[in-house]
Amino acid sequence: MSAATLAAETARRLREAASLNATLAWSEEALEAEAALAESVPAGPLSGQAVAIKDNIVTTVLPTTCGSRILEGYRSPYDATAVRRIRAAGGIIAAKTNLDEFAMGSSTENSAYGRVRHPLDPERVPGGSSGGSAALVAAGVVRSALGSETGGSVRQPAAFCGITGIKPSYGRVSRFGLVAFGSSLDCISTFGVTVEDAATLLAAVSGHDPLDATSRAVAPLELPAHRDDLAGLVIGIPEEYFPEDLDAGVRAGSDRVIARITELGATVRRVSLPNTRYAVPAYYIVNPAEAAANLARYDGVRYGVRRIGPEGDVRALYRATRGEGFGPEVRRRILVGTFALSAGYADQYYGQAQAARQRIIADFAAVFASGVDLIFSPTTPTPVFGAGAKSADPVQMYLADIFAPPVPMDLPIKVLAPECLAGIPAMSIPVGRSEGLPIGGQLTAPDMGEASMIAAARVLEAAIDPAAEVR
Ligand code: GLN
């Protein structure tokens, strides 16, 4: 298919999918310009593909709003490195996708531009915060898309939408042009209809970038050779991710995969990640602290929208711009983060959270050092939830991807945050359906272990029918 035909096809599909509210910007002119660019580069791994981009990744051709009023109409003077690499690999940029404001959320209901609908049921959420990208891939508008993970924002919507989502090792993909949220956690991550789609996009955008000081000095990811089975691998099953009150459908889906893992020749080993219980409390200190610092730049002077307060001085300008420009979840994180970093409290909160983070990192290191190659678990503890089900209560939303505490006074366990706190790669693949809605299974690998994780995910993908009811 020529790039011009691809652009026209993509425009038609985007129009048909409009009711999902998954996009924040796209245009026929922009698609035509992308097609012209694609004709001018040599054929590459993304030739013939349109890729959707989460709207916290900057582009010059379309605006970047982060789902926030404060950046309404903002247009970046440069393209993110990942966007430049997609074009260099032959791909075209399809659209900017809707997200929870500044990527804060788990349902894509926090966008200032309206919620995203689940492609299989408009009354349900697609997950978040990268819900727009996930919905477009699941609806078949594009084969792959960029999202971002700070604490699960690609794996969780991938699980909810029945597609693949890969969060790479921290530093594997340049953050240059990814709007900063929690800088020690943020990773550009990929969605695909299949494992191959998500992995191909990840490989194309990976590799060292001198423009990002935290980018790792390693060669771009090479896609692994095909494996027939899982022979020789040891796959760890962490007991903390399978509490007694785990949703029955989610449990059935994971049990089915674990049985297949054994049939496919791998050794299954029960393992423990005892500090998983500290992941949610540590995450919800580290994340708001870094967010509060990063979001200080939206002051009405340098970026986006400006409101002049009644007093007309600079403080009034900050107050009016930030008060009107940020939604409630963003304001809440700035308040929590500012408090957690304030004089006299920083050691008690931020210092403690960093100590907990070190323990979580050590848990994973110990499991992998004991001879475990990969870890398998459910991606989320609950199936897809309804719009409005958790959005009224922020704490419920923070707990959206955790297991209810099995013991009173025990701290809750979050499935998605530990891998982000540890900076290690993890991915979700569809493993079946429960009451008609997708559920995901997760593979986690040691630092920079994406290739073996992807190779194993392909084997599981071929062995599991994602459309089958698991109960
Ligand atoms: N639910 C997490 C949060 O709200 C997800 C954030 C993310 O990964 N972008 O912080």
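Start at 1 and go down the list; that is how both ligands and their atoms are numbered. The shown structure was predicted, so the numbers you read here are calculated from the model rather than taken from an experiment.
Of the polar atoms of Ala103, at least one N or O is found under 3.5 Å from an N or O of ligand 1, judged by distance alone. Ligand 1 has no nitrogen or oxygen under 3.5 angstrom from a nitrogen or oxygen of Ser148. Between Lys54 and ligand 1, a contact under 3.5 Å exists for no N or O pair. Taking any N or O of Phe181, backbone or side chain, none lies under 3.5 Å from an N or O belonging to ligand 1. Below 3.5 Å of separation, one finds an N or O of Ser153 facing an N or O of ligand 1.
The distance from ligand 1 to the heavy atoms of Tyr283 drops below 4.0 Å at these ligand atoms: 2 (C), 3 (C), 5 (C), 6 (C), 10 (O). The Met104 neighbourhood of ligand 1 comprises atoms 4 (O), with distances under 4.0 Å to a heavy atom of that residue. Proximity to Ser129 (heavy-atom distance under 4.0 Å) selects the following atoms of ligand 1: 9 (N). Counting atoms of ligand 1 from 1 in the listed order, those under 4.0 Å from a heavy atom of Asn287 are 10 (O). Of all the atoms in ligand 1, the ones that sit under 4.0 Å from a non-hydrogen atom of Ser106 are 1 (N). Near Gly152, meaning under 4.0 Å from one of its heavy atoms, ligand 1 places the atoms 8 (O). If you number the atoms of ligand 1 from 1 as listed, the ones under 4.0 Å from a heavy atom of Tyr284 come out as 1 (N), 2 (C), 3 (C), 4 (O), 10 (O). Each of the following atoms of ligand 1 lies closer than 4.0 Å to a heavy atom of Gly105: 1 (N), 2 (C), 3 (C), 4 (O), 5 (C).
Between Tyr345 and Tyr350, a ring centre-to-centre spacing not shorter than 6.0 Å is recorded. Between Tyr298 and Phe102, the ring centre distance stays below 6.0 Å.
With contacts defined as side-chain heavy-atom distances shorter than 4.5 Å, the pair Met104/Phe181 qualifies. Counting only heavy atoms from C-beta outward, the side chains of Glu123 and Arg117 never approach each other to under 4.5 Å.
Atom CZ of Arg359 is surrounded by 12 or fewer heavy atoms from other residues, nucleotides or ligands within 6.0 Å.
Side-chain atoms of Asn98 and Thr108 include no donor-acceptor pair closer than 3.5 Å. Asp209 and Ser174 share a side-chain donor-acceptor pair at under 3.5 Å. Using modelled atom types, one finds a donor on one side chain and an acceptor on the other under 3.5 Å when comparing Asn287 with Arg333.
Applying the side-chain hydrogen bond (donor to acceptor under 3.5 Å, both in side chains) criterion to Ser153, with sequence neighbours excluded, gives Ser129.
At least one heavy atom of Arg333 sits under 4.0 Å from some atom of ligand 1.
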